[in-house]
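Only one structure is covered here, and it is reproduced in the block below.
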Amino acid sequence: MMPVLIVLNAGSSSLKFQVYDTPDGADPRVAFKGLFEGLGGSAHFVVKDARGQLLDEMAWSSSEQLGHEEALMHLVSWLRQHQEGRRLAAIGHRVVHGGGSFSGPVLVDEAVIETLETLVPLAPLHQPHNLKPIRIVRRRLPGLPQVVSFDTAFHQTQSEIARMFALPREMRERGVQRYGFHGLSYDYISSVLKDYDPRLAEGRVIVAHLGNGASLCALHKGVSIATTMGFSALDGLPMGTRCGAVDPGVVFFMLREMKLSPDEAERMLYTKSGLLGVSGLSNDMRVLRANAATNADARRAIDLFVYRITREIGSLVAALGGLDGLVFTGGIGENDVATRSEVIAGLAWAGFSLNEAANGTGGSRISAGSGPAAWVIPTNEELVIARQTRSVLSTTQAKLAS
């Protein structure tokens, strides 16, 4: 029977999944994909095939209180009914924070879970949700291997200086340093860039992962050199609802002068800032674009987003010692023609020139002329997790057999 892997990405009220066939000698390939949303309330389940055709859907009323555990077991039951010569071999999980303990994917055991629990204070709005399905599987499906992949691991290649803050030693010893995130996305782009531009893959590249969460990463020969996110996923670029880099003094002002509690300040910075906070309208770039001509705050939010991208690119060029190309990825990076155009215009100083026709029609290479190359490459974080899960399982089985 064909071994399959489930890749899970859990949120506070959602559970996204992809199911991968793992044929020998070939990359994992999607068999099914879908999500549960509205968990804890009016839950909704959707599953599609690899081509995006709807296969099944189901809804629950708010009185039924479908949670992550019930959703996960519903998915497993659904797969058993549609297994068609498949057997569930393992589950791979996206975990935002691996701290300094994990430089790559690992097989889950109690010691791993305990270590990940200690990292909750470093990612309080993400880590607890990531860990929830891991515990559920340990309880409900004992013996099923689980592998965790980390958004921080890809950046472990950065130098000590690149990861440091100018803070007292004791803070660094307690784990206060730059970690960087979106590593699964950058890992994927690094792995496929050679298929688009072999020369660029060996050079100095900045990848712009632009979406509701947004960051930049400087790559040299496919390896992370620097990134805009730091200690938390709050740092760097403005995002959908997150503020990005802000003077720490602003936080003291919020606590002392505005009389906010630490929890209230945290919620403001994570959920009420960014594009939503500046525009007062939406965290969705599509909505802002549609209103930019008549709403000055919507236009201001867009302009700030683009300004900060181009400014941070300048910083990463310095870290790289030059620049050979730029890659756009993520929901905004892959789909927003205007944002790409404005960013490229803001990078004329670096020699970038836009091929407007290619940009407008969704071409992969959107640069013109002999300057640095600009590409649009869709990311695939789930495939990275599937690859890593299969690799860890293979290594584990080889060790047991030796």
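For this chain, numbers begin at 1 and follow the sequence in order.
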Under the rule for side chain to side chain contact (heavy atoms under 4.5 Å, CB included), what residues qualify as partners of [X], not counting sequence neighbours?
{"X": "Pro372", "answer": "Phe352"}
{"X": "Leu79", "answer": "Ile6, Val19, Phe32, Leu75"}
{"X": "Glu356", "answer": "Leu354"}

inquiry  = Taking salt bridge (Lys or Arg N to Asp or Glu O under 4.0 Å) as the criterion, tell me which of Glu69, Glu117, Glu110 meets it with Arg135.
reply    = Glu117

For the pair [X] (side chain) and [Y] (backbone), establish whether a donor and an acceptor sit closer than 3.5 Å, ignoring hydrogens and angles.
{"X": "Ser273", "Y": "Met268", "result": "yes"}
{"X": "Thr152", "Y": "Gly98", "result": "yes"}
{"X": "Gln65", "Y": "Ser62", "result": "yes"}
{"X": "Asn295", "Y": "Asn291", "result": "no"}
{"X": "Tyr20", "Y": "Leu383", "result": "yes"}
{"X": "Asn130", "Y": "Val96", "result": "yes"}

Are there over 12 heavy-atom neighbours, none belonging to [X], within less than 6.0 Å of that residue's [atom1]?
{"X": "Arg139", "atom1": "CZ", "result": "yes"}
{"X": "Phe252", "atom1": "CZ", "result": "no"}
{"X": "Glu160", "atom1": "CD", "result": "no"}
{"X": "Met171", "atom1": "CE", "result": "no"}

Between [Y] and [X], does any NZ, NE, NH1 or NH2 come within less than 4.0 Å of an OD or OE carboxylate oxygen?
{"X": "Glu312", "Y": "Arg308", "answer": "yes"}
{"X": "Asp336", "Y": "Arg286", "answer": "no"}
{"X": "Asp303", "Y": "Arg300", "answer": "no"}
{"X": "Arg267", "Y": "Asp263", "answer": "no"}

query = Run the ring-ring contact (aromatic ring centres under 6.0 Å, His included) check on Phe181 and His97 step by step: do they pass?
reply = CA-CA 8 Å; Phe181 299 88; His97 218 306; 5.3 Å; yes

request  = Would you please say whether a donor-acceptor pair under 3.5 Å links the side chains of Arg387 and Ser191?
outcome  =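 Indeed, the side chains of Arg387 and Ser191 share at least one donor-acceptor pair under 3.5 Å.
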
key: Euclidean distance, Ile206 CD1 relative to Leu323 CG, rounded to 0.5 Å   = 4.5 Å

remark   = d(Arg340 CZ, Asn359 CG) to nearest 0.5 Å is 4.5 Å

Would you call the rings of [X] and [Y] parallel, tilted or perpendicular if under 30° counts as parallel and over 60° as perpendicular?
{"X": "Trp60", "Y": "Phe36", "value": "tilted"}
{"X": "Phe17", "Y": "Phe45", "value": "parallel"}
{"X": "Trp78", "Y": "His82", "value": "parallel"}

request  = Take Arg87 and Val4 through the test side chain to side chain contact (heavy atoms under 4.5 Å, CB included) and record every step on the way to the result.
outcome  = CA-CA 6 Å; Arg87 65 172 180 86; Val4 300; over 6 Å; no

key: Among Thr241, Asn283, Asp284, side chain to side chain donor-acceptor pair (under 3.5 Å) partner for Asn212   =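 Running side chain to side chain donor-acceptor pair (under 3.5 Å) over Thr241, Asn283, Asp284 with Asn212 returns exactly one hit, Asn283.
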
